[in-house]
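Report on the following structure.
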Amino acid sequence: MVSIEPGTLYVVATPIGNLGDMTPRAVDTLRAVDLIAAEDTRHTAGLLRHFAVGTPLISLHEHNERQVVPRLIEQLTSGRSLALVSDAGTPLVSDPGYHLTRAAHSAGVRVSPIPGACAAVAALAVAGLASDRFLFVGFPPPKSGPRRSLFESLRKDGATLVFYEAPHRVLDSVQEMAAVFGESRLAVLARELTKTYETVHQAPLGELINFIAADADQRRGEVVLVVEGAPKTPAKGLDEEARRIASLLGDELSVKQAAALTAKITGAKKNAVYQYLTSELE
Ligand code: SAM
């Protein structure tokens with residue numbers, strides 16, 4: 001049995017598919033606290049039933065978080081213990097809880113983690129890509145324009161990139177990633193992790209497009225996309241000036257336009273500039 005401290009907010013991870021990933025400490029904590037704040041009380045009620053947890057639930061989602069938080073802080077400061085859960089995985093990772101945890105700190109309330117599953121970390125762990133530095137990006141914008149701008153802003157980032165994506169948008173996103181990051185940048189589709197139809201497929205972005213396009217099942221379920229960071233080594237055959245101009249123009253124009261213009265200005269090969277801009281070399 002865990003010992004529950006009065007007046008403490010426990011941030012509790014729940015499974016991302018496989019109920020076997022619920023930790024004993026999570027179950028004990030949910031049983032022992034006075035109240036559980038849940039993103040979707042009906043969904044969490046099912047989980048609690050499965051683990052024979054009878055603790056009362058209160059709803060806390062992105063639309064009511066600001067209103068509900070003061071009441072929860074009042075409960076905490078008067079000595080009651082509270083657990084925060086989301087529909088799946090770790091709260092606050094593309095899930096509600098930020099306002100509550102922030103308010104808890106401001107009120108001097110102890111905030112304690114009960115760690116467990118998180119789709120981003122699970123995907124990173126099996127992606128076969130560098131994990132010394134990674135950037136969790138979350139969901140890209142659904143519309144193509146803002147999504148492309150986001151990818152452009154990440155094009156030169158050397159960190160491994162971790163995205164969540166809706167299944168019906170995964171093909172569009174991967175196509176746009178290939179256009180911005182280059183077709184040969186490695187990426188991983190991590191789908192339905194811990195569930196029956198788990199898929200972990202690593203391929204260059206250009207090939208990943210075909211893999212997803214050829215099989216409708218790859219556009220179903222829950223998806224994490226992990227993309228290799230930009231390589232550190234400078235492009236072969238491009239002098240420093242050409243790289244400088246290419247980078248400047250690359251910030252203002254499309255990769256294609258920037259490559260053509262840099263080639264005209266510097267006499268460098270258009271292909272080499274293009275590859276440099278899409279961070280493809282070496
Ligand atoms: N808080 C959760 C966590 O810790 O992973 C994430 C919540 S976010 C609203 C839901 C997104 O997480 C899904 O759209 C998907 O991108 C990703 N996800 C959740 N479960 C997953 C799974 N079993 N396999 C792959 N991706 C998953």
Side-chain angles (χ1 to χ4, degrees), residues 9-23 25-26 29-30 36-44 46-47 50 59-65 83-101 111 113-129 131 134-143 147 150-151 154 160-174 176-177 187-203 208 211-212 215-227:
L9 169 62
Y10 294 90
V11 180
V12 181
T14 57
I16 55 168
N18 190 324
L19 291 180
D21 294 333
M22 185 80 170
T23 69
R25 205 157 85 91
T29 304
L30 294 178
I36 299 170
E39 188 182 4
D40 177 342
T41 48
R42 268 181 38 196
H43 177 94
T44 298
L47 184 82
H50 181 89
S59 149
L60 179 97
H61 47 72
E62 65 171 317
H63 303 294
N64 75 356
E65 191 173 353
L84 169 71
V85 298
S86 61
D87 285 354
T90 301
L92 281 96
V93 179
S94 291
D95 269 341
Y98 163 66
H99 296 292
L100 177 60
T101 51
V111 185
I114 309 293
C118 172
V121 175
L124 181 71
V126 294
L129 299 174
S131 56
F134 65 91
L135 178 65
F136 174 66
V137 188
F139 288 97
K143 288 202 175 137
R147 187 168 58 205
L150 171 72
F151 294 164
L154 298 168
T160 295
L161 306 171
V162 184
F163 298 92
Y164 285 165
E165 188 51 292
H168 60 282
R169 279 196 281 268
V170 72
L171 185 57
D172 285 351
S173 259
V174 172
E176 223 149 63
M177 285 174 181
V188 172
L189 173 77
R191 203 178 63 83
E192 293 289 273
L193 295 173
T194 77
K195 303 188 221 177
T196 310
Y197 297 105
E198 179 179 277
T199 308
V200 179
H201 185 79
Q202 190 198 68
L208 200 57
F211 178 76
I212 296 167
D215 179 1
D217 282 345
Q218 303 307 332
R219 283 168 267 140
R220 296 200 174 103
E222 296 192 283
V223 172
V224 182
L225 290 165
V226 190
V227 182

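Whatever order the structure lists them in is the order used to number ligands and atoms, beginning at 1.
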Any idea which protein heavy atom is nearest [atom], and the distance to it?
atom: atom 9 (C) of ligand 1; answer: Ser94 O, 3.2 Å
atom: atom 15 (C) of ligand 1; answer: Val223 O, 3.4 Å
atom: atom 20 (N) of ligand 1; answer: Glu222 OE1, 3.3 Å
atom: atom 22 (C) of ligand 1; answer: Leu193 N, 3.6 Å
atom: atom 7 (C) of ligand 1; answer: Asp95 OD2, 3.4 Å
atom: atom 10 (C) of ligand 1; answer: Phe139 CZ, 4.0 Å

Is there at least one pair of N or O atoms, one from [X] and one from ligand 1, spaced under 3.5 Å apart?
X: Ala88; value: yes
X: Ala119; value: yes
X: Cys118; value: no
X: Thr90; value: yes
X: Gly89; value: no
X: Gly17; value: no
X: Tyr164; value: yes

Practice problem: Describe, in one word, how the ring planes of Phe211 and His201 are oriented to each other, choosing from parallel (under 30°), tilted (30 to 60°) and perpendicular (over 60°). | Solution: parallel
Quiz prompt | Residue that, paired with Arg191, satisfies side chain to side chain contact (heavy atoms under 4.5 Å, CB included) out of Arg219, Glu222, Arg220, Glu165 | solution =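 Looking at Arg219, Glu222, Arg220, Glu165, the match for Arg191 under the side chain to side chain contact (heavy atoms under 4.5 Å, CB included) is Arg220.
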Practice problem: Could you check Ile114, Leu60, Ile36, Asp95 and say which one makes a side chain to side chain contact (heavy atoms under 4.5 Å, CB included) with Leu84? | Solution: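 Only one option passes, and that is Leu60.
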Within the distance-only criterion (no hydrogens, no angle test), does the side chain of [X] pair as donor or acceptor with the backbone N or O of [Y] below 3.5 angstrom?
X: Glu39; Y: Asp87; answer: yes
X: Thr14; Y: Val12; answer: no
X: His99; Y: Glu65; answer: no

Exercise. Might you confirm whether atom CZ of Phe134 has over 12 heavy atoms from other residues, nucleotides or ligands at distances under 6.0 Å?
Key: no
If you round to the nearest 0.5 Å, how far is [atom2] of [Y] from [atom1] of [X]?
X: Leu161; Y: Leu124; atom1: CG; atom2: CG; value: 11.0 Å
X: Leu150; Y: Met177; atom1: CG; atom2: CE; value: 8.5 Å
X: Leu193; Y: Cys118; atom1: CG; atom2: SG; value: 10.5 Å
X: His50; Y: Leu19; atom1: NE2; atom2: CG; value: 4.5 Å

Self-check item: 4.0 Å heavy-atom contact, Phe163 with ligand 1
Solution: no
Quiz item: So is Val224 in contact with ligand 1, going by heavy-atom distances below 4.0 Å?
Solution: yes
Quiz item: Is it the side chain, the backbone, both or neither of Ala190 that has a heavy atom closer than 4.0 Å to ligand 1?
Solution: backbone
Quiz prompt | Residue Lys195 vicinity, atoms of ligand 1 by number, heavy atom under 4.0 Å | solution =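 In order of number, 23 (N).
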Quiz item: Any idea which atoms of ligand 1 are less than 4.0 Å away from a heavy-atom of Glu165?
Solution: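 Those qualifying, in numeric order: 16 (O).
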